[in-house]
Amino acid sequence: MGRPDEDRSDIVFFDVETSVPTRPGQGFAILEFGAILVCPRKLTELRNYSTLVRPAEMSLISPLSERCNGITADAVSSAPTFADIAHAVYDLLHGRIWAGHNIIRFDCVRIRDAFAEINQPPPEPKGTIDSLVLLTQKFGRRAGDMKMATLATYFGLGRQTHRSLDDVRMNLEVLKYCATVLFLESSLPDIFTANSWVSPNATTRSRSNGKSPSEGSLLNMNKDSILLSSPATENHPILSLAMMSSTKGAAPNTGHPNIVQSDPYNFSALRDEIKKESILSDVAMDEKPIRESLDISSSSSVTQACSSSIVVLVPDDICIPSIDASLVPLYPGNQRIELLHEGFLFQLHCTGLKVRFGISTKFVDNAGRPRLSFVVDPSPSLCNVLDACERVAHKLSMDSGSNSDWRPVVIRRDGFIKYPTIRLHIPTAVCESNTIYATEIYQRESASGAVQRLLFSKFDAAELGSLFMPGTFVDAFFSLDVYDYQQNAGIKLVAKKLIIHCN
């Protein structure tokens, strides 16, 4: 499709649609590839390419896969194989800046796997821009869960079709809209951003110096993706507009006007900042550190074919036989286990959990920060779900060759068999030199039922402990993160959002 002397400075937005694995060990099959080449200065589409792809095993196209993207076995029966289009895909991607939504965790991996399967070297990017990470950092959660469909609805761009070419064009339009909003906010931050990031009902907790909510308050973070960048972004001012108000590369989004921000047009500084390590997550189970994904989830990105799809379920809505586990790439030579319900990543939402033991600071990480967790009494239905998750995750762990000691997620100590407990972890992160909580924490007033966001002006484990006293009831949204590190394995329950019931 291209010429040897062709300019490679344009940006390629691309998307793959794939089959959805339905059993452990089953891989993804590319069913569609779509891409557009975009002028980096005008953000106009230069040309496009899309094609359906016939997988080697047609049986991989399950009913679940069809529901996800609408691509049926009949639709691809006469389509070319990936080997047939590999030269065109390589020509489009190699040596260009890659862009897309959740591409680091999903699409890039699928492309490299597909080239490996046909024993050909994969294309390599000049730089990579993952809009899921970028917009989570720079645009915040004002638009919701940051799925492409949600962002498109927020800006009135129509419905996402989950077809490659449509999705990449929608991705570009979403970036344009977000960049415009950020440009306006950076021009008059005291006016436009005063209420953009913090709920007017939010309250600040600090027992120290009476700082305002903005001094040290950090709201949302996404630790399932890492934004990759390169010096090439310096030469693309309109694209780099979406990166204005830059903090460190994958840092939690402060999104508040009183947080010091870089010059939005100082692109060399932006490049240097992106290269620095910006998040030191609390990823441990008690005293044992856990190796997390190189992709940075407060909630959102997943490795399913419906990119960035994730569901939040209450235990009573979960069908135990539909719980499964899948191996996904972590980094070269390593994999991680993800838990699925009906083929999709999920988080749990549990109400009225009673705190049995308050905030624990017994263990510290390598930086000396306390590893925060607390223990609650789970309901019988929650225990059933966690036990089922443990069975499939433990089995897959052993089947994949792990010999680590497995730690049960539901703790049933001798003498307390009728009173099981679970431990919820509150991760921390570092932004600049400040340690912050990576969990959203709210309070619900018992009389009015009103819910207020708690903003913390500093890291204070003792202050946090005063909120989670034994006997307190909390509502919790949490992920189930499978870990295997230093001969210890299990499922870590990571709190994403906590609502404390006030007495």
Side-chain angles (χ1 to χ4, degrees), residues 24 223-224 281-293 295 297-299 301-304 310-315 318-328 330 334-350 353 356-357 360 363 371-413 420-427 438-439 476-498:
K223 70 176 186 66
D224 268 345
S281 292
D282 171 10
V283 287
M285 182 68 169
D286 294 336
E287 73 276 22
K288 296 293 184 180
I290 301 165
R291 178 179 298 152
E292 290 283 33
S293 169
D295 311 315
S297 151
S298 170
S299 40
S301 31
V302 299
T303 54
Q304 295 308 305
I310 191 166
V311 292
V312 178
L313 301 170
V314 298
I318 289 183
C319 175
I320 298 297
S322 297
I323 295 175
D324 204 351
S326 177
L327 283 172
V328 297
L330 178 59
N334 210 324
Q335 295 177 308
R336 67 175 295 176
I337 295 173
E338 289 187 335
L339 289 162
L340 311 172
H341 181 260
E342 296 183 344
F344 290 89
L345 285 173
F346 66 97
Q347 292 179 7
L348 289 176
H349 173 208
C350 299
L353 297 173
R356 178 170 288 270
F357 301 112
S360 169
F363 304 107
R371 299 191 187 279
L372 304 176
S373 63
F374 62 101
V375 174
V376 299
D377 297 331
S379 65
S381 61
L382 176 56
C383 287
N384 291 337
V385 170
L386 295 179
D387 288 341
C389 290
E390 188 160 68
R391 286 193 297 270
V392 297
H394 191 191
K395 182 179 184 303
L396 182 55
S397 176
M398 292 189 296
D399 291 346
S400 62
S402 173
N403 59 0
S404 298
D405 292 333
W406 189 272
R407 293 186 174 187
V409 64
V410 179
I411 305 167
R412 297 178 173 92
R413 293 185 174 89
T421 60
I422 59 173
R423 184 177 296 274
L424 295 179
H425 294 259
I426 299 178
T439 301
F477 295 79
F478 56 91
S479 63
L480 294 78
D481 298 351
V482 183
Y483 66 92
D484 190 337
Y485 186 67
Q486 292 186 349
Q487 297 302 302
N488 286 278
I491 299 174
K492 180 182 178 184
L493 307 180
V494 181
K496 305 301 182 182
K497 179 178 177 180
L498 296 169

Original post:
When you look at Ser402 and Ser400, which way does the side-chain hydrogen bond (donor to acceptor under 3.5 Å, both in side chains) test go after all the steps?
Top reply: CA-CA 6 Å; Ser402 173; Ser400 62; over 6 Å; no
Side chains of [X] and [Y], heavy atoms from C-beta outward: is any pair under 4.5 Å?
X: Phe346; Y: Cys389; answer: yes
X: Val410; Y: Asp387; answer: yes
X: His341; Y: Leu313; answer: yes
X: Ile320; Y: Val385; answer: yes
X: Cys383; Y: Arg412; answer: yes
X: Gln487; Y: Asn403; answer: yes
X: Ile422; Y: Leu386; answer: yes
X: Leu345; Y: Leu340; answer: yes

Subject >> Lys497 to Phe477, cation-pi by 6.0 Å centre distance and 45° axis angle >> reply: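 Yes, cation above the ring, under 6.0 Å and within 45°.
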Original post:
So Leu493 and Leu480, side-chain contact (heavy atoms from CB on, under 4.5 Å) or not? Walk me through it.
Top reply: CA-CA 5 Å; Leu493 307 180; Leu480 294 78; 3.9 Å; yes
Original post:
Of all heavy-atom pairs between Phe374 and Phe357, which one has the smallest distance, and what is that distance?
Top reply: CB-O, 3.5 Å
Drop me the distance from [X]'s [atom1] to [Y]'s [atom2], to the nearest 0.5 angstrom.
X: Phe344; Y: Glu338; atom1: CZ; atom2: CD; answer: 13.5 Å
X: Asp377; Y: Arg356; atom1: CG; atom2: CZ; answer: 4.0 Å
X: His394; Y: Asp399; atom1: NE2; atom2: CG; answer: 10.0 Å
X: Cys350; Y: Leu382; atom1: SG; atom2: CG; answer: 4.5 Å
X: Lys496; Y: Ile426; atom1: NZ; atom2: CD1; answer: 12.5 Å

Subject >> Sidechain-backbone polar pair: Ser479 side chain, Asp481 backbone, donor-acceptor under 3.5 Å >> reply: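 Side chain of Ser479 to backbone of Asp481, a donor-acceptor pair under 3.5 Å: no, none is there.
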**OP:** Please answer whether the main-chain N or O of Ala495 pairs with a side-chain N or O of Thr439 as donor and acceptor at a distance below 3.5 Å.
**Re:** yes
Subject >> Ser373 and Arg423: side chain donor to acceptor below 3.5 Å >> reply: yes
**OP:** Please check if any side-chain donor atom of Asn488 sits under 3.5 Å from a side-chain acceptor atom of Ser404, or the reverse.
**Re:**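 The answer is no; no qualifying pair exists.
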Subject >> Listed partners of Glu390 passing side chain to side chain contact (heavy atoms under 4.5 Å, CB included), at least two apart >> reply: Trp406, Pro408, Val409, Ile491
Subject >> Pairing residues for Ala476 by the side chain to side chain contact (heavy atoms under 4.5 Å, CB included) criterion, not counting sequence neighbours >> reply: Leu353, Leu424, Phe478, Leu498
**OP:** Take Ile337 and Ser326 through the test side-chain contact (heavy atoms from CB on, under 4.5 Å) and record every step on the way to the result.
**Re:** CA-CA 6 Å; Ile337 295 173; Ser326 177; over 6 Å; no
